[in-house]
Amino acid sequence: MPSLVSAVPSEECESELQVPVIDLSSLKKGNDEAEATLAKVNKACQEWGCFLVVNHGIDKEIVADMDSATRETFKVSKENKEKIQGEFAYIPSMPALPFLEILPVNGAPDPRAIQKFAEQMWPQGNSKICKIIEKYSAGIEELTREITQVIMKSFGVSKYYEESQHWGLLRMNYCDVPPQARGGLGPHTDHNLITVMYQDNSGGLELKTKLGGKWVDLKPLPDSFVVFTGDSLKAWSNGFIHSGIHRVVMSNKSPRVSLPYFFFFRDDAVVEAPPEFVDDHHPRLYTPFRYGDYKAYCKQIKSARCEHKEFFERESDEAFLENFLGTSTGRGNL
Ligand SMILES: O=C(O)CCC(=O)C(=O)O
Ligand SMILES: [Fe+2]
């Protein structure tokens, strides 16, 4: 399979330090253009674990409405936000998450789940915000599935994409840093397959380069979404796909909104690299594991760390996946 080329960052990436921008509309054009875009996606996954998408098909009005709806939602009382409980609960600002609040919209884009969410936030519900979240989350769900398939296609393994194996979670992030302070979200990788994220124009999002470990600004690009490939895809691709360390560092800015849509394996799915990723030169790096076990492992460690301030600043020198599996191997980012 031609895509199995070990990732060595090209000079172009090293010098310009610019995360690749993928024009999704080019995939629907002639074969040559589509092939070139797939090659770019493949390279971005191997070298960066991150890319931006443009011409993705989600109207900018829907995104702008969702940005406003998110700001409106965070204005509700803490008591109401705390009603969001369960596996994915409201997370108030914590010592390791200075000035960041996180609200999951569990069950979106299902309209009944969104209505339940709105009723928890506002006693009378909020049909306007429900409609906005419905439209946005349906769009981002479809886009995320499309991007997942494009990534798999770029590695020649799209036959393994199974609609029912995956699900998504929309989260609202709100970061309000007081004057003279510094805050955000500490360095981490995402544990899911991919994350497709809107960020407003505040800035502050950074990605660590795979080789060299330099922090690169993921500057807001109008009408784009940021895509991170996570630990699950790294394991599933036998280490070919990179899981990029990223963080948010902000000071002296007006409140920042971001909307990550996390795409997961189902808990009982077994994450196992298909044979296309394994050969004599690329032995199997990760023992197959049940995704739910890995998710629980990460959650336990992360929850404990939220209480400790040092985890905001601390460099993520730790590889969750390798520690979970008790291996010390990896391709490139350890
Ligand atoms: O808010 C951001 O820009 C990043 C969020 C993020 O990395 C996460 O929630 O995992
Ligand atoms: Fe993240």
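The structure presented is a predicted model; accordingly, all values stated were derived computationally and were not measured. Start at 1 with the first residue, then count along the sequence. Counting starts at 1 for both ligands and their atoms, following the listed order.
A salt bridge is absent between E72 and K128: the closest approach of a Lys/Arg side-chain nitrogen to an acidic carboxylate oxygen does not fall below 4.0 angstrom. By the 4.0 Å N-to-carboxylate-O rule, K234 lies close enough to E322 to be salt-bridged with it.
Contact annotation: for T195 versus ligand 1, there are no heavy atoms closer than 4.0 Å. At a heavy-atom distance under 4.0 Å, only side-chain atoms of F262, from C-beta outward, approach ligand 1. Within the 4.0 Å heavy-atom criterion, the part of L185 lying near ligand 1 is the side chain and not the backbone.
A chain of hydrophobic side-chain contacts below 4.5 Å, direct or via other Ile, Leu, Val, Met, Phe, Trp or Tyr residues, connects I140 to I62.
The ring pair (Phe, Tyr, Trp, His ring centres under 6.0 Å) test with F155 is passed by exactly one of Y161, F240, F277, Y160: F277.
Between the Fe ion (ligand 2) and the N, O or S atoms of D190, the shortest distance is to OD1. Restricting H188 to its N/O/S atoms, the shortest distance to the Fe ion (ligand 2) is reached by NE2.
Distances shorter than 4.0 angstrom occur between a heavy atom of H188 and an atom of ligand 1. For the ligand labelled ligand 1, residue Q199 lies outside the 4.0 Å heavy-atom shell.
The closest side-chain heavy-atom distance from E87 to K295 is below 4.5 Å.
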